[in-house]
*Asks:* 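Below you will find the structure I want to go over with you.
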Number of protein chains: 2
Amino acid sequence: MASSIDVARLAGVSQSAVSRVFTPGASVSDRMREKVLATARALNYRPNFVARSLTTGRSRIIGLVVAYLDNQYYPVAVERLTKALQARGYHVMMFMTEQTATNIDDVVSGILDHQVDGIVVASVAMSSKLADRCTEAGVPVVLFNRIQSEDRFSSVISDNFGGGRLLARFLVEGGHQRIGYLAGWEGASTQRDREAGFRAGLAAAGRGLFAWECGNYTFSVAEAATRRMFAADREHPDAIFVCNDHMAIAAMDVLRHEQGLRVPEDVSVVSYDDVPQAAWRSYGLTSLRQPTDSMVAATVDALMARIEGSETDPRRISLPGELIVRTSARIPAGWDAPTQS
Amino acid sequence: MASSIDVARLAGVSQSAVSRVFTPGASVSDRMREKVLATARALNYRPNFVARSLTTGRSRIIGLVVAYLDNQYYPVAVERLTKALQARGYHVMMFMTEQTATNIDDVVSGILDHQVDGIVVASVAMSSKLADRCTEAGVPVVLFNRIQSEDRFSSVISDNFGGGRLLARFLVEGGHQRIGYLAGWEGASTQRDREAGFRAGLAAAGRGLFAWECGNYTFSVAEAATRRMFAADREHPDAIFVCNDHMAIAAMDVLRHEQGLRVPEDVSVVSYDDVPQAAWRSYGLTSLRQPTDSMVAATVDALMARIEGSETDPRRISLPGELIVRTSARIPAGWDAPTQS
DNA sequence: CTTGCGTTTGCAACCGTATGCAAAACGGAG
DNA sequence: CTCCGTTTTGCATACGGTTGCAAACGCAAG
């Protein structure tokens, strides 16, 4: 591979001239640019990002930490985030992790070693030791779809509390009497806020939870939780809010194919995220849509403000979701008719 | 951030000593290692990957190019690949692209600029100009789930031809009379091979295709294709092979919810991939499972053989799939009973 | 033809690490 | 204690760029 020195020699100019031609905003005459670009093309020279990173201290790489890729919400988010960053000249380095804390520390250390310009953490919590390392290294972090009590990080979420409350109203106005809640992993802020909002919404109508089980954001655990909640020996809920679509689908299949219950005639099901599968007609999930595009845009903005701008304080962004009414739950009068998409 | 020089100074040793302590296999006395590690810990020093990459010419980064993340097969593969590479000390840089060729060229150029040690291309074809650039740069490429007539690249696929043929046998022995095929994107080798295998299997039984439509590997296009294939004004197939699960689900929903047909009573549906959703009980897709784990392992092996070993020739690996029998198609006598998972 | 100012160019130092080579230290045998 | 073969260590250079600074240049005004 040709280096800038090769190009310089062949073009009869200094190496720094070559560098400047490939540095946006540097001072170069048209004649020089012409000449250099010509010989660069001849040698098919392209600047070496690694060397550039070394001197500038900026790598144009964003580290992305993800735990679940089986919950379709994340692949979609990852895809959009990657594209948005690509469009800005950044690249994404992927890191998979489990929820276990020790693992995450290793993983994030690995990220920092690569001198990333920023980190996006999706669906995962960061230890505060790690937080120290990041601030110390001057690497901005954005929590995507999570918040933490630590206020050092920027975060981008949808209004989980408001969404939960709205779903409570929806079920109450639908005339449901025995309303259950199927929780996600209790370490997650999404779970806590959605449940809190849901309870608040019920309370506002003078109601409470009829049943509660935890599905841990996992398909199989959610199945088991549904079986417990709908055990044959007692009266079962006539409506449930499942904390995300991924679990809601597991729940619906158990209800229909194991318990012999009809949805929505016997049980209404609502959930959160609006992943693509929610629209599949076998499920037709009434779900609170996360504003993924805006969340991605806000994430990129927050990163750029820190990296390229001079912003120094973390942002905490909460964006409103939208209720997508489909067929998995009885529809109260006055609410939207089922949407097609 | 502390550099190796800082550590060296504080420990009273040379910078190269520090470097050697962090270079596996270098010659260092125990006393030296001890001393250096201690002060390194004190300064919480970690070697800078960028600088290391610059001198060694190896970045320990693998570029991963993906087009679709909405077909769940790919997120799953990406997850496993990322983990497998992480386990070997490599990291994955993600690149999203569309199928359009010009775009891919830009994207891969971006990858090469980062001095990646290897490239995995999933679900996408590479132009031969690009191929030149990669060989020239000495960067090994593995095509994942695709093959190309270019034999310069390694490739890892499942036996699409054999899988298609097996599904044909399955449908024929199930006693189906009018067998249709719903194709994927015709530019893809997966599509071509599965169709060829399927046709061969039918031919072996003295049969042919009753209907053919193209769904382009896209949800909405597959829906439209299904509508055409099952138009009311003519006799419809009593079985179809849909080229992947992603489209098969679209097809099943159209059959059941638009055409009022029962699956499998009126129409048998089989497909390919065995994505997680295929096991969902609302679909229960009989599908040819891709051996994703082995494919990932083979991909990593092929890369490592080129990067760390001295292998120079491309590998072309084809792994056998496995038929997972569920409920979406009539089951011929003598074939496995429905599997649960 | 000077002078002066703004632009373009080259020089040289630096980013943080790896590594070939020679010097130094070590250790065992005689 | 000396000598010699092995480690172990340090020195110096290289990797491929960026960038502050000063020299060179271009051009218009005096």
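Here is the naming used below: chain letters follow the sequence lines, and residue numbers restart at 1 for every chain. The structure displayed is predicted, hence computed values, not measured ones.
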*Asks:* Within this structure, what is the CG-to-P distance between B:D113 and D:dG16, rounded to whole angstrom?
*Replies:*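 For the pair B:D113 CG and D:dG16 P, the rounded distance is 14 Å.
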*Asks:* Return yes when atom CD of A:E34 has more than 12 non-hydrogen atoms of other residues, nucleotides or ligands closer than 6.0 Å, and no otherwise.
*Replies:*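 12 or below, so no.
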*Asks:* Between P on D:dT18 and CZ on A:R52, what's the gap in Å once rounded to a whole number?
*Replies:*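 Going from A:R52 (CZ) to D:dT18 (P), I get 5 Å.
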*Asks:* Side chains of A:Q115 and A:S59: any donor to acceptor distance under 3.5 Å?
*Replies:*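 Note: A:S59 and A:Q115 side chains miss the donor-acceptor criterion.
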*Asks:* Begin with the C-alpha distance, continue with both residues' side-chain angles, and end with the deciding distance and a verdict on side chain to side chain contact (heavy atoms under 4.5 Å, CB included) for A:I61 and B:M93.
*Replies:* CA-CA 9 Å; A:I61 298 178; B:M93 194 174 280; 3.4 Å; yes
*Asks:* Between A:M1 (CE) and D:dG16 (P), how many Å, whole number?
*Replies:*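 For the pair A:M1 CE and D:dG16 P, the rounded distance is 11 Å.
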*Asks:* What integer distance in Å separates B:H114:NE2 from D:dC15:C1'?
*Replies:*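 After rounding, the gap between these two atoms is 18 Å.
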*Asks:* Are B:Y45 and B:F22 near enough that their ring centres are under 6.0 Å apart?
*Replies:*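 Ring centres of B:F22 and B:Y45 closer than 6.0 Å.
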*Asks:* Base, sugar-phosphate, or nothing for A:S16, non-hydrogen atoms under 4.0 angstrom?
*Replies:*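 Since a base atom lies under 4.0 Å of A:S16, the category is base.
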*Asks:* Check the phosphate of D:dG10 against B:S14, side-chain N and O only, distance under 4.0 Å to OP1 or OP2. Yes or no?
*Replies:*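 Result: yes.
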*Asks:* Are any side-chain N or O atoms of A:R58 and backbone N or O atoms of A:D117, one a donor and one an acceptor, separated by less than 3.5 Å?
*Replies:*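 No, the answer is negative, given that no donor and acceptor are paired below the 3.5 Å cut-off.
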*Asks:* Please report, rounded to the nearest Å, how far the P atom of D:dG16 is from the CD atom of B:Q115.
*Replies:*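 Distance, rounded to whole Å: 9 Å.
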*Asks:* Is it true that A:D132 and A:K129 have a side-chain N and a carboxylate O under 4.0 angstrom from each other?
*Replies:*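 A:K129 and A:D132: not salt-bridged.
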*Asks:* Do A:Y217 and A:T190 have side-chain atoms, one donor and one acceptor, less than 3.5 Å apart?
*Replies:*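 A donor-acceptor contact under 3.5 Å links the two side chains.
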*Asks:* Does a side chain donor of either A:T312 or A:R306 reach within less than 3.5 Å of an acceptor in the other side chain?
*Replies:*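 No.
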*Asks:* Whole angstroms only, please: what is the CG-C1' distance between A:L43 and D:dG17?
*Replies:*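 So the two atoms are 16 Å apart, to the nearest Å.
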*Asks:* Check every strand shown and say whether A:S19 touches a base, only sugar-phosphate, or nothing at a heavy-atom separation below 4.0 Å.
*Replies:*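 Here A:S19 touches the bases of the nucleic acid.
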*Asks:* Could you list by number each residue of residues 21-33 of chain A showing a heavy-atom separation from DNA chain C of less than 4.0 Å, or answer none if no residue does?
*Replies:*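 Contacting residues: A:S27, A:V28, A:S29, A:M32.
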*Asks:* Just how far, in rounded Å, is P of D:dG17 from CZ of A:R60?
*Replies:*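 Rounded to whole Å, this separation is 17 Å.
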*Asks:* Quick one: on DNA chain D, does B:A51 or B:Q15 contact a more 5' nucleotide (nearest heavy atom)?
*Replies:*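 The 5'-side residue here is B:Q15.
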*Asks:* Do B:R133 and B:S109 meet the criterion of a side-chain donor-acceptor pair at a distance under 3.5 Å?
*Replies:*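 Result is yes, a qualifying pair exists.
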*Asks:* Kindly calculate the angle separating the two end axes of the helix from C:dC1-D:dG30 to C:dG30-D:dC1, each obtained from five base pairs, and round it to 10 degrees.
*Replies:*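 Both end axes considered, the difference amounts to 50°.
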*Asks:* Angle between ring planes, B:H91 versus A:H114, binned at 30° and 60°: parallel, tilted or perpendicular?
*Replies:*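 B:H91 vs A:H114 ring planes: perpendicular.
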*Asks:* Just by modelled atom types, is the A:I147 backbone N or O under 3.5 Å from a matching donor or acceptor in the A:S189 side chain?
*Replies:*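 Yes.
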*Asks:* When we call it a touch if two heavy atoms are under 4.0 Å apart, what does B:V13 touch: a base, just sugar-phosphate, or nothing?
*Replies:*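 Result for B:V13 = sugar-phosphate.
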*Asks:* Hey, does B:Y45 reach any base, or is it just sugar-phosphate, or nothing, if we go heavy atoms under 4.0 Å?
*Replies:*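 Sugar-phosphate, backbone atoms only, no base.
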*Asks:* Of B:R20 and B:N48, whose nearest nucleotide on DNA chain C comes first from the 5' end?
*Replies:*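 Of the two residues, B:N48 wins.
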*Asks:* Charged N to carboxylate O below 4.0 Å: is that the case for B:D301 and B:R88?
*Replies:*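 Yes, B:D301 and B:R88 are salt-bridged.
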*Asks:* Please identify the 5'-most and 3'-most nucleotides of DNA chain C with any atom under 4.0 angstrom from a heavy atom of chain A.
*Replies:*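 Terminal contacting nucleotides, 5' to 3': C:dT8 to C:dG16.
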